[in-house]
Number of protein chains: 2
Amino acid sequence: MNTATRPRLVLVDDHTMVRSGVRTELGDAVDIVGEAGDVEAAIASVTATRPDVVLLDVHLPGGDGRGGVDVLEGCRSLTTAAGAPVRFLALSVSDAADDVIAVIRAGARGYVTKSISGTDLLTAVRRVADGDAVFSPRLAGFVLDAFGAVAGEVAEVDEELDRLSVREREVMRLIARGYQYREVAKELFISVKTVETHVSSVLRKLQLSSRHELTAWALHRRLL
Amino acid sequence: MNTATRPRLVLVDDHTMVRSGVRTELGDAVDIVGEAGDVEAAIASVTATRPDVVLLDVHLPGGDGRGGVDVLEGCRSLTTAAGAPVRFLALSVSDAADDVIAVIRAGARGYVTKSISGTDLLTAVRRVADGDAVFSPRLAGFVLDAFGAVAGEVAEVDEELDRLSVREREVMRLIARGYQYREVAKELFISVKTVETHVSSVLRKLQLSSRHELTAWALHRRLL
DNA sequence: GGTCGACTCAGGGTCGACCCTCATGGCCGG
DNA sequence: CCGGCCATGAGGGTCGACCCTGAGTCGACC
């Protein structure tokens, strides 16, 4: 992702008025590829379209009644066509600590309230698409205190990550999760030898020397 | 650890009166093998005695001025003679969220305030020694919400862990962290062949088949 | 048309991970 | 005193991880 292209977006909110408002405010700057008003429809839509970013309402009907958290858990580990993870930006009327914690723990990369301006929302969407963490100022201090400074690290990740090709990123994700070469090969329908080639490139580009270091690296950057 | 034996304890608090009070209240039920009143002395004492539990004051002079957190970071990954990790129970006058979060993130297994009764403190020490997580009731909800339920899982760990010998546990910890056989051998002053033997035993006893699964296992049980 | 990068794959080599068997010595409980 | 568990370690074997060289296709860009 870079700021020149339009992020592909899925919009999840049970209020039609809110969805309409977001569409109007963001307008042509994004590509809205899906909308949903409940948990089930949201999971289906995100799985089908694999967007760059999901704008996710925290309080949502359906599922197990835990709102946006159910959606996050139903969409674990999805990736875009480019191999980047599908990222979630929580959009809520509430700034209660409990809501924030639950949705961040479930994997959201940001949290903003519905009082945000259109231009600020666009900025937030773009930053999340780029892998940054985004929080409205009054939440930032709280969240970063609780979970350690993530934001700073994430920025530098994509510099190194950008040097990898799409295919290399796919291979890297599987290797870091402990897959064997043979398993990666079967998963991606390529030969073991090709997997070796990609792994070698990844290790060289990231200046690592073994799959263990790769795992540690990915773990540290929270890419798993 | 089991409740029949007396847990070996190190007491860290800058107030002599508090240490005296703890000694009196816990009396013969524990074996106090060290005491300290500042960060440096605490690290030295814990490193030297490798107790089952460290009772740690959160606000402590010395170090980098971050109190108990400095002690925790100075004592990373220490183990007792039996191969279990040295566990820390934070003891504080404060129940401010910031204090709790900082010390838990740094690795403490529990947090109680100084208003606790002697019998309750003894229970807390024993539970921490057994690997449980312990928090005073009004903190429990907050902490578990933020960091996920840890307490339940830990109990079942030691059943499987108990089937390993002391030496096997030491080897396992290093392997799970990504050490190579050669590095483990050097670290423990034994030959590579002996490391192989121990690793084989560990994998067989835990019914795992590779170091990757071991890492995942240890990660899941939060032994790293 | 030529170059360049991404993706694909093969051959061949080194080294680490993991397994099995076997052997020694110490310590403990029967 | 002996059988058993533990820690130590050797020999020998299979297989996976990682590296280097080389090479064919395809699409993008000049």
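Proteins get letters first, then strands, A, B, ... in listed order; numbering begins at 1 in each. The shown structure was predicted, so the numbers you read here are calculated from the model rather than taken from an experiment. Because only heavy atoms are used, hydrogens play no part in the values below, and waters and symmetry mates are left out as well, while side chains stay in.
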Atom CG of B:Leu208 to atom P of C:dC19: distance rounded to whole Å?
-> 10 Å
Considering residues at least two apart in sequence or located in another chain, which fulfil the salt bridge (Lys or Arg N to Asp or Glu O under 4.0 Å) criterion with B:Glu35?
-> B:Arg19, B:Arg23
Nearest heavy atoms of B:Ala185 and B:Ser191, plus distance in Å | CB-C, 3.9 Å
D:dC30 pairs with which nucleotide, Watson-Crick or G-U wobble, both distances below 3.5 Å?
-> C:dG1
Where do B:Asp13 and B:Val22 land on the side chain to side chain contact (heavy atoms under 4.5 Å, CB included) test, with the steps shown first?
-> CA-CA 10 Å; B:Asp13 196 304; B:Val22 171; over 6 Å; no
Given D:dC6, C:dC7, D:dC18, the nucleotide with the shortest approach to the side chain of A:Ser165 | C:dC7
Specify the residues of residues 187-199 of chain B, ordered by number, for which at least one heavy atom lies under 4.0 angstrom from an atom of DNA chain C.
-> B:Lys193, B:Glu196
With respect to the side chain of B:Arg167, which nucleotide from C:dC19, D:dA17, D:dA7 is positioned closest?
-> D:dA7
Any residue meeting side chain to side chain contact (heavy atoms under 4.5 Å, CB included) with A:Ala48, in chain and number order, not counting sequence neighbours = none
Close side-chain approach of A:Val171 and A:Val202, heavy atoms under 4.5 Å = no
Do A:His198 and A:Ile175 have side-chain heavy atoms sitting under 4.5 Å apart?
-> no
A:Leu214 CG to D:dA17 P: how many Å, rounded?
-> 13 Å
Does OP1 or OP2 of D:dC18 have a side-chain N or O of A:Ser200 closer than 4.0 Å?
-> no
Pairs flagged by salt bridge (charged side-chain N to carboxylate O under 4.0 Å, His left out) wherever residues 194-204 of chain A is involved - sequence neighbours left out | A:Lys193-A:Glu196
Base-contact (B) and sugar-phosphate-only (S) positions in nucleotides 25-30 of chain D, heavy-atom cut-off under 4.0 Å, - elsewhere = ------
Here the distance between atom C1' of C:dC19 and atom CZ of B:Arg211, to the nearest Å, is 15 Å
Where the side chain of B:Arg8 meets the backbone of B:Gly34, is there a donor-acceptor pair that is under 3.5 Å apart?
-> no
When the distance from CZ of B:Arg204 to P of D:dC6 is rounded to whole Å, what number comes out?
-> 10 Å
For A:Arg167, salt bridge (Lys or Arg N to Asp or Glu O under 4.0 Å) partners two or more places apart | A:Glu170
